[in-house]
Amino acid sequence: VRLQASGGGLVQTGGSLGLSCAASGIIFRLYNMGWYRQAPGKQRELVAEITSGGSTTHADSVKGRFTISRDNAENTVSLQMNSLKPEDTAIYYCHAFWGRHYWGQGTLVTVSS
C-alpha cells in the first residue's frame, strides 16, 4: 500500500495551495480518505475526511477555507487550501481507512506571515 502525497510548499498568508495524494495497493473506492496535519510540538489532528460515498467533514479551523475531494477513477484524494494562515503550517498526511489504517509520508506546508 502506498499513499504518495504531493503539493506542499511555502506560501504567504492568504495564499492557496493544493495537496494531492495518489493511492496504490488498495481498492480505493472502498476507503474513507482523509488529511491530517501535525504542527511542531502538537498532536496530529484531522483536517478533513471524505467517505467512500463522498460525504465530507472538515475541521472547524478550516471550514470555508479548505475543501477535500476525491477522484475514484484516478485513485486520488485532494485538499484545496485557500486563505492560508500561519497556523496552518504543518506536515500534512494522507490517510486511508477501511478496517485498517494507512498513512502517507507527509508533505510540508509552510505559511509565512
Is there any salt bridge (Lys or Arg N to Asp or Glu O under 4.0 Å) pair reaching into residues 23-41, and which pairs are they, with sequence neighbours excluded? R37-E45, R37-D88
Which pairs pass salt bridge (Lys or Arg N to Asp or Glu O under 4.0 Å) with one or both residues in residues 104-113, sequence neighbours excluded? none
Clusters formed by hydrophobic residues whose side-chain heavy atoms approach within less than 4.5 Å: which one holds L10, and what are its other members? none
Hydrophobic cluster partners of F97 (side-chain heavy atoms under 4.5 Å): none
For residues 74-87, please give each side-chain donor-acceptor pair under 3.5 Å, one per line with the distance, not counting sequence neighbours.
residue, atom, partner, partner atom, Å
Q80, NE2, N82, OD1, 3.0
N82, OD1, S16, OG, 2.9

What pairs of residues pass the disulfide bond (SG atoms under 2.5 Å apart) test when at least one of them lies in residues 32-113, not counting sequence neighbours? C21-C94
Can you pull the disulfide bond (SG atoms under 2.5 Å apart) pairs that have at least one residue in residues 38-73, sequence neighbours excluded? none
For W98, which residues count as a ring-ring contact (aromatic ring centres under 6.0 Å, His included) partner, sequence neighbours excluded? Y31
Residues that F66 engages under ring-ring contact (aromatic ring centres under 6.0 Å, His included), provided they are two or more places apart: none
Sequence neighbours excluded and cut-off under 3.5 Å, please list the side-chain donor-acceptor pairs for residues 103-111, or say none.
residue, atom, partner, partner atom, Å
Q105, NE2, A5, O, 3.2
T107, OG1, G8, N, 3.2

With sequence neighbours excluded, tell me which residues meet side-chain hydrogen bond (donor to acceptor under 3.5 Å, both in side chains) with H58. none
Residues at least two apart in sequence or cross-chain that pass salt bridge (charged side-chain N to carboxylate O under 4.0 Å, His left out) with R2, listed by chain then number, are none
